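Structure first, commentary second.
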There are 2 protein chains.
Amino acid sequence: MLMRAQALYLENATHPQARACACCEVRRGSLFGVLDASALDRIRAHVAAPQLKTGEYVYSRGESGGAVYTIRVGIVRFERTTEGGRRRILRMASRGDLIGQEALLDRPYGDDAVACTPVELCRIPASLVRELGDTQSTLRYELMNRWQRALDEAETWATELPAGSARRRVLKLLLLLARHADAEGRMWLPQRNEIGDMLDMTLETSSRQISQLRREGLIELLDTRQARVHLPALQAALQAEDA
Amino acid sequence: MLMRAQALYLENATHPQARACACCEVRRGSLFGVLDASALDRIRAHVAAPQLKTGEYVYSRGESGGAVYTIRVGIVRFERTTEGGRRRILRMASRGDLIGQEALLDRPYGDDAVACTPVELCRIPASLVRELGDTQSTLRYELMNRWQRALDEAETWATELPAGSARRRVLKLLLLLARHADAEGRMWLPQRNEIGDMLDMTLETSSRQISQLRREGLIELLDTRQARVHLPALQAALQAEDA
DNA sequence: CGAGCCGTTGAGGGGATTCAAGCTCAGTGG
DNA sequence: CCACTGAGCTTGAATCCCCTCAACGGCTCG
């Protein structure tokens with residue numbers, strides 16, 4: 001609610017979007033990766049490339065932003081607040097993901113989208129996507145794919161995370177987060193109270209669990225927010241827990 | 001896995017689908033409600049109207065069915081099984097809902113879809129929907145709407161249900177299920193072990209909670225599978241719980 | 001009428017919460 | 001330079017809620 005994406009970072013003063021799109025490392029595999037060069041030309045002028053710091057909001061629930069975003073760098077979490085006032089973290093998105101698709105239907109955003117790390121985005125007006133969708137069938141197909149991917153991710157979180165003991169849930173979460181790890185195997189580690197909001201436990205419990213896993217050598221804390229995990233050991237521990 | 005939708009119930013031997021579509025009470029507000037008469041004509045011959053009994057599978061996870069379904073009568077639940085072998089119920093669908101949309105992307109179904117009550121469906125081949133989508137922009141828009149609705153429903157379940165005490169979770173579930181109630185205010189009540197799989201608790205705990213709510217007069221058990229709830233009292237109890 | 005499923009209820013134990021204290025560390029200002 | 005502060009993390013002790021194990025009753029069906 002407090003901080004919102006406003007600042008528009010442009011890498012190059014003369015041809016800002018040309019650089020942002022043409023050189024984009026995530027274009028392949030991203031929403032507009034399916035477009036040809038002429039279509040890409042049309043969109044460049046309308047796409048902004050905001051940058052957010054940790055904790056800033058991409059958008060919040062109920063807001064009618066009129067734009068979708070692709071994530072170029074960083075990790076974004078989706079959260080909602082229950083009527084009782086408790087925060088729940090529903091799923092994560094990272095590089096290459098499309099978020100805020102509700103805007104294509106002229107609906108207000110359904111979740112709060114918050115930067116977990118410094119984040120670089122592409123902001124694409126919803127009207128532009130709709131317009132392109134009318135002529136480009138590949139874009140339509142890709143859009144439906146994105147929707148299904150989001151649904152799948154949400155259901156995976158809903159299936160795997162809320163069930164079982166605190167230890168099991170933490171292990172599962174670490175495995176899901178490890179999918180967003182960088183090339184050196186470092187992964188983003190949430191704060192203890194964030195873990196609590198993801199797994200419906202108190203911050204004390206999540207702290208105890210993380211500390212325990214650290215003592216067992218399954219996870220190595222680098223920075224406060226970064227860790228390296230031993231995947232095979234983690235999976236073994238999870239299986240032992242499920243048995 | 002065991003029982004699958006195969007039987008093709010036709011209400012009328014001469015013009016089966018003509019009746020199924022033209023007379024369909026849920027057409028307004030359903031996927032093909034946006035189509036005009038000529039488009040409706042084209043689809044009639046390809047749409048089947050299977051009926052399922054309680055507990056039968058519409059489809060199961062991993063299966064490549066090549067069709068989407070709209071629900072005409074009844075309630076369907078989506079479930080997945082964790083790697084540890086525990087069943088999790090993720091969300092519900094009822095009259096007017098579109099399910100199995102993954103098929104439009106040539107993907108296998110992502111969940112098991114199981115009849116909670118006797119169910120009547122329309123089975124629509126994915127190729128037919130894709131074909132119509134290429135020419136009918138209203139259908140495309142409606143499809144995206146359905147996708148977003150499914151995502152929203154999944155996130156609502158994920159937000160509201162797994163958090164808090166057993167009592168709070170049961171209250172929340174009853175409120176969500178009450179949205180599928182019929183005109184007389186009767187709602188479908190899951191078995192105790194189904195409630196357990198929805199809320200991650202044992203069947204004993206869910207039984208205790210339901211019994212307690214019955215004693216408090218917040219819920220009235222009619223049939224074994226049917227109940228009438230007192231919405232205002234339920235909401236008050238929930239607020240008291242959240243406070 | 002016995003078998004089996006489903007729901008209910010009780011007793012006991014264990015794991016998570018609650019309440020509380022102390023720790024590290026970064027930022028601030030005397 | 002260093003005390004001061006506050007945020008985030010860790011750990012301990014006591015309580016409580018839910019799970020586990022168990023027994024029993026109603027109901028349907030073979």
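Letters A, B, ... are given to chains in the order of the sequence lines, protein chains preceding strands, and every chain is numbered from 1. Quick caveat, the model's predicted, so the values are computed rather than measured.
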A:Q191 CD to D:dA7 P, straight-line distance once rounded to whole Å: 12 Å
salt_bridge(A:R169, A:D200) N-O dist < 4.0 Å: no
Euclidean distance, atom CG of residue A:N193 to atom C1' of D:dT10 [Å, nearest integer]: 14 Å
Nearest-Å distance for atom pair CE/P, residues B:M201 and D:dT20: 13 Å
Protein-nucleotide distance (A:I210, atom CD1; C:dA16, atom P), rounded to Å: 14 Å
Closest to side chain of B:R214, choosing from D:dT10, C:dT9, D:dC18: C:dT9
Distance, rounded to the nearest Å, where A:Q212 contributes CD and C:dA16 contributes C1': 15 Å
Flag, side chain of A:D197 to backbone of A:E194, donor-acceptor distance under 3.5 Å: no
Sugar-phosphate, base or nothing in reach of A:R225, heavy atoms under 4.0 Å: sugar-phosphate
Gap between atoms CD and P, on B:E194 and C:dG7 respectively (whole Å): 8 Å
C:dT9 phosphate, OP1 or OP2, under 4.0 Å from B:S211 side-chain N/O: yes
Phosphate OP1/OP2 of C:dG7 contacted by B:S207 side-chain N/O (<4.0 Å): no
Qualifying residue for salt bridge (charged side-chain N to carboxylate O under 4.0 Å, His left out) with B:D97, from B:R179, B:R91, B:R149: B:R149
Rounded interatomic separation in angstrom, taking CG from A:D200 and C1' from D:dC17: 13 Å
Chi angles and distances behind the side-chain hydrogen bond (donor to acceptor under 3.5 Å, both in side chains) call for A:Q235, A:Q239: CA-CA 6 Å; A:Q235 275 156 345; A:Q239 288 208 337; over 6 Å; no
Phosphate contact (C:dT17 OP1 or OP2) by A:T202 side-chain N/O below 4.0 Å: yes
Length of the CZ-P vector between A:R168 and C:dG15, whole Å: 16 Å
Polar pair under 3.5 Å, donor/acceptor by atom type, side chain A:E204, base C:dC19: yes
Phosphate-side-chain proximity, B:R208 and D:dC18, N/O vs OP1/OP2 below 4.0 Å: no
Cationic N near anionic O, under 4.0 Å, B:R80 to B:D111: yes
